[in-house]
Amino acid sequence: MSKANPLLDPVLTWYAANARDLPWRAPAATPWSILVSEIMLQQTPVVRVLPVWTEWMERWPTPAALAAEPPGEAVRHWGRLGYPRRALNLHACARAVVERHGGEVPADHAALLALPGVGEYTAAAVASFAFQGRHAVLDTNVRRVLARAVSGEEYPPKATTAAERALAASLLPGPEDAPVWAVAVMELGALVCTARTARCAECPISGLCAWRLAGKPAYDGPVRRGQSYAGTDRQCRGRLLAVLRQAHGPVPKAALDAVWDDAPQRERALDGLVADGLAEVLQDGTYRLPA
DNA sequence: AAGGCGTGGGT
DNA sequence: TACCCAAGCCT
């Protein structure tokens, strides 16, 4: 039997007083609305997700509603959230939920994991937040909080390790508290124990934090690679897809040529979009979002 | 298993 | 100003 988690009470108390009032945490939130929020939030800040999520929930309140649309509509209403394959994943999720689960988002972790674009984190998050399941929810916030508070390191490793999973599992409270513990640690990481400058003065567990007690030693691992963006295929893909999103109908290739000068790179990026199912070429050589 | 995949606000 | 990085996933 493992020891009780000393972080549990202070973190839950802090959360009760400081949690943000986010719509996907409201009592009216459905498993579908929570799944949509989780996919939108992958690598994307809350403030940017909020308006898009609201529009999606009005337009597609159920998986069946989205499943009835062509995938291109999901991509169009994705707007500028970034990583638009997530829109395709959500559309495929909707169709899979209709076909395999009678239109209801499954509660089972393994069934969630089998959905497109749903990985270890998202499956645990949906099982926990939508169905009150007991799962270790290891996102970037939780990993950073545990790295600091327990391991005494400023940052967690680049990729999630078995040791991190074991640590998170060992801290998991009983079924009654597991879901609120998960969301509360995440919130602490998002609002207080932030990546750049931790707000230790506001932290409910600063007195227990191994990193702070060690004098907050600077990160001493391998240099984290800054992802360059200007001039990359990613930027080019973004430009091309923006043209397709804004047009309501097929676009002549000249309109795509106009937004990126480097022709070989442009062709490569366009082929990539088509290969990924984010764009379609018609017989007359025009392009559009997938029907 | 390292790298590709968008975007924009904060510092 | 240039980074940094934000509720990851997939190959």
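Letters go in sequence order (proteins before strands), and every chain restarts at 1.
Rounded to whole Å, the distance from CZ on Arg85(A) to C1' on dG6(B) is 11 Å. Straight-line distance from the OH atom of Tyr219(A) to the P atom of dC4(C): 12 Å, rounded to whole Å. The CE atom of Met186(A) sits 11 Å away from the C1' atom of dA6(C) (whole-angstrom rounding). Protein atom CD of Gln235(A) is 15 Å distant from nucleotide atom P of dG4(B), rounded to whole Å.
Between Tyr229(A) and dG6(B), a side-chain N or O to OP1/OP2 separation shorter than 4.0 Å is absent. Between Thr44(A) and dT7(B) there is no side-chain N or O to OP1 or OP2 distance below 4.0 Å. Of the side-chain N and O atoms in Thr140(A), one or more sit less than 4.0 angstrom from OP1 or OP2 of dA6(C). Of the side-chain N and O atoms in Arg237(A), one or more sit less than 4.0 angstrom from OP1 or OP2 of dG6(B). OP1 or OP2 of dG8(C) sits under 4.0 Å from a side-chain N or O of Gln43(A). Dashed line: the shortest gap from a side-chain N or O of Arg80(A) to OP1 or OP2 of dG8(B) is under 4.0 Å.
Between Leu113(A) and Gly189(A), the residue anchored closer to the 5' end of DNA chain C is Gly189(A), taking for each the nucleotide with the nearest heavy atom.
In the displayed structure, Asp284(A) atom CG is contacted under 6.0 Å by more than 12 heavy atoms of other residues, nucleotides or ligands.
Remark: the Arg234(A) side chain and the dG4(B) base include no donor-acceptor N/O pair separated by less than 3.5 Å. In the interface, the side chain of Arg48(A) is paired with the base of dT7(B) through a donor and an acceptor atom under 3.5 Å apart. In the interface, the side chain of Thr232(A) is not paired with the base of dG4(B) through any donor and acceptor atom under 3.5 Å apart.
Comparing the P positions of dA7(C) and dT11(B) gives an interatomic distance of 14 Å, to the nearest angstrom. Nucleotides dT11(C) and dA1(B), compared at atom C1', are 10 Å apart to the nearest Å. dC4(C) and dG3(B) have their P atoms separated by 16 Å, with the value rounded to a whole Å. The separation of dT1(C) from dG8(B), taken at their C1' atoms, amounts to 16 Å, rounded to a whole angstrom. Taking atom P on both dC5(B) and dA2(C), the two are 24 Å apart, rounded to the nearest angstrom.
Judged as a side-chain contact (heavy atoms from CB on, under 4.5 Å), and not counting sequence neighbours, the contacts of Ala94(A) are Trp32(A), Pro63(A), Leu66(A), Ala67(A).
Between Lys253(A) and Glu267(A), at least one side-chain nitrogen of the basic residue sits less than 4.0 Å from a carboxylate oxygen of the acidic one, meeting the salt-bridge criterion. Ionic pairing of Arg95(A) and Glu99(A) is not present here: no N-O contact between side-chain nitrogen and carboxylate oxygen is shorter than 4.0 angstrom. Taking a cutoff of 4.0 Å between a charged side-chain nitrogen and a carboxylate oxygen, Glu69(A) and Arg76(A) do not qualify as a salt bridge.
Checked against dC3(C), dC5(B), dA7(C), the side chain of Arg196(A) finds its nearest nucleotide in dC3(C).
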